[in-house]
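Here's the structure we're looking at; comments come further down.
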2 protein chains.
Amino acid sequence: MSPRKSVVETRHTRRRILDRGLEIASVEGLEGLTIGRLAAETGMSKAGVLGHFGTKESLQLAVIETAAEAFAREVPQRARDARPGLPRLRAVCEAWVSYLERSPLPGGCFFTAVAAEFDGRSGPVRDAIAAMNTLWQRELRIHVRRAVSVGDLPEDTDVDQFVYDLVATMLALNHFLQFQRDQRASTYARRALHRLLGKPGHV
Amino acid sequence: MSPRKSVVETRHTRRRILDRGLEIASVEGLEGLTIGRLAAETGMSKAGVLGHFGTKESLQLAVIETAAEAFAREVPQRARDARPGLPRLRAVCEAWVSYLERSPLPGGCFFTAVAAEFDGRSGPVRDAIAAMNTLWQRELRIHVRRAVSVGDLPEDTDVDQFVYDLVATMLALNHFLQFQRDQRASTYARRALHRLLGKPGHV
DNA sequence: CCTACCGATCGGTAGG
DNA sequence: CCTACCGATCGGTAGG
């Protein structure tokens, strides 16, 4: 029996479980993430792992939360110093491409993976993934709209179409990198972005 | 005990299993496709189902083969009467969009789903999916190259970039339709294609 | 946080 | 093609 841990130690253990869980889920999906494997890889018992979350579904929701925090840190946060409008939008996209290129998670983009996994299902886990997806596209729309309103993009820009094109480029980048393991993918992605956003350094 | 069946009946049973298996796998993935569920939904015993394939892996490979045949029937075959070059390429893309729009499988595009599922894994199943993916992109490249050589597309067209852009549009279409359930997706996809391929009806 | 369980389900086999 | 199994693993619980 392990001795009872302090609050800070408990929180640290929870983080370790979630960080490892995010890595596993990026490869195996959120259903393929099993409590038994998570226990083995953190050196705990299954009951020890489950004690932090109660149910597998709560664990899945906590992993989604963890993924959202990592994404926020890696992409939108890195663009916050750029001037609102096209420069900010470009900075966001460059941080996004760079994140997918570096691919800190072994299975590539967590949200792309679990969106595909849960697209045919329903329930709280799907809803949580969808909520993050909506939040992110809303942020992209705001950047595009701003770029239009300050005159960096043409007045007649279709904002939703623009967001679709950005998302398409990133979905393809993740697909070509992770599935096809084609390193040229980031070149293609940057060229596609260049077509949408123009030359970096110019307005 | 069921009486022994004729060869034609056996083949028919195998087809029924594979058709149902493809539907299940489009939603649950190829790992989530279980022999028990497949048996229940075809009114057979697990041993009866497994007898047709031997192992789950063989079943998975047979489902991939079935999916490839369905895709070939629905997309490239429907474009074979169009003139080689840009008209053929446009016909292929229109059949592709239409296929994703109609979405005969409950989980959307089978290959998109399983590519995401297996991108972090290795083995014969991943290899089979990758082989189909390669075959299809090779066909797309041939159409693009032909469109360039007959003068329908500019001489300096980057063929691989062009294929990347087509795939990006289709991945996004499937994502927006299946995950976001956004019916406007096909409008966005067709506009993106229009930008790449020009106005249908014109060379 | 552990050990020691639970019923359900997994892929697969034996034997007919 | 079936019934009747097998060991392994699933999510989860009891009790400490």
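We name chains A, B, ... by the order of the sequence lines, and we start the count at 1 in each one. Being a predicted model, the structure only gives us computed values, none of them experimental. All values below were derived from every heavy atom in this structure, side-chain atoms included, with hydrogens, water molecules and symmetry-related copies excluded.
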Gap between atoms NE2 and P, on B/His12 and D/dC1 respectively (whole Å): 11 Å
Six-ring centre of B/Phe179, A/Arg126 cation under 6.0 angstrom, axis tolerance 45°: yes
Whole angstrom value for the distance that separates P of C/dC1 from CG of A/Leu38: 12 Å
Heavy-atom check, side chain of A/Phe176 versus side chain of A/Gln183, under 4.5 Å: no
B/Ile35 side-chain proximity, nearest of D/dT3, C/dG12, C/dC2: C/dG12
Min side-chain heavy-atom separation A/Glu101-A/Leu173 under 4.5 Å: no
A/Phe71 vs A/Trp136, ring-ring contact (aromatic ring centres under 6.0 Å, His included): CA-CA, chis, key distance, verdict: CA-CA 10 Å; A/Phe71 186 81; A/Trp136 177 234; 4.9 Å; yes
B/Val63 and B/Phe110, any side-chain heavy atoms less than 4.5 Å apart: yes
Euclidean distance, atom CZ of residue A/Arg11 to atom P of C/dC1 [Å, nearest integer]: 13 Å
Assigned partner base of C/dG12, Watson-Crick or wobble definition, under 3.5 Å: D/dC5
B/Tyr188 six-ring face occupied by B/Arg191 cation (under 6.0 Å, within 45°): no
Sugar-phosphate only, base, or nothing, as touched by A/Leu33 at under 4.0 Å among non-hydrogen atoms: sugar-phosphate
Under-4.0 Å side-chain N/O to phosphate OP1/OP2 contact, B/Ser45 with D/dT3: no
N or O in side chain of B/Thr34 less than 4.0 angstrom from C/dT9 OP1/OP2: no
Greater than 12 external heavy atoms within 6.0 Å of B/Arg138's CZ: no
Whole angstrom value for the distance that separates P of C/dT9 from CD of A/Glu31: 15 Å
A/Lys46 vs B/Lys46, nearer the 5' end of DNA chain D by closest nucleotide: B/Lys46
Residue-level proximity of residues 48-59 of chain B to DNA chain C when a heavy atom falls under 4.0 Å: B/Leu50, B/Thr55, B/Lys56
Distance, rounded to the nearest Å, where B/Gln60 contributes CD and C/dG11 contributes C1': 11 Å
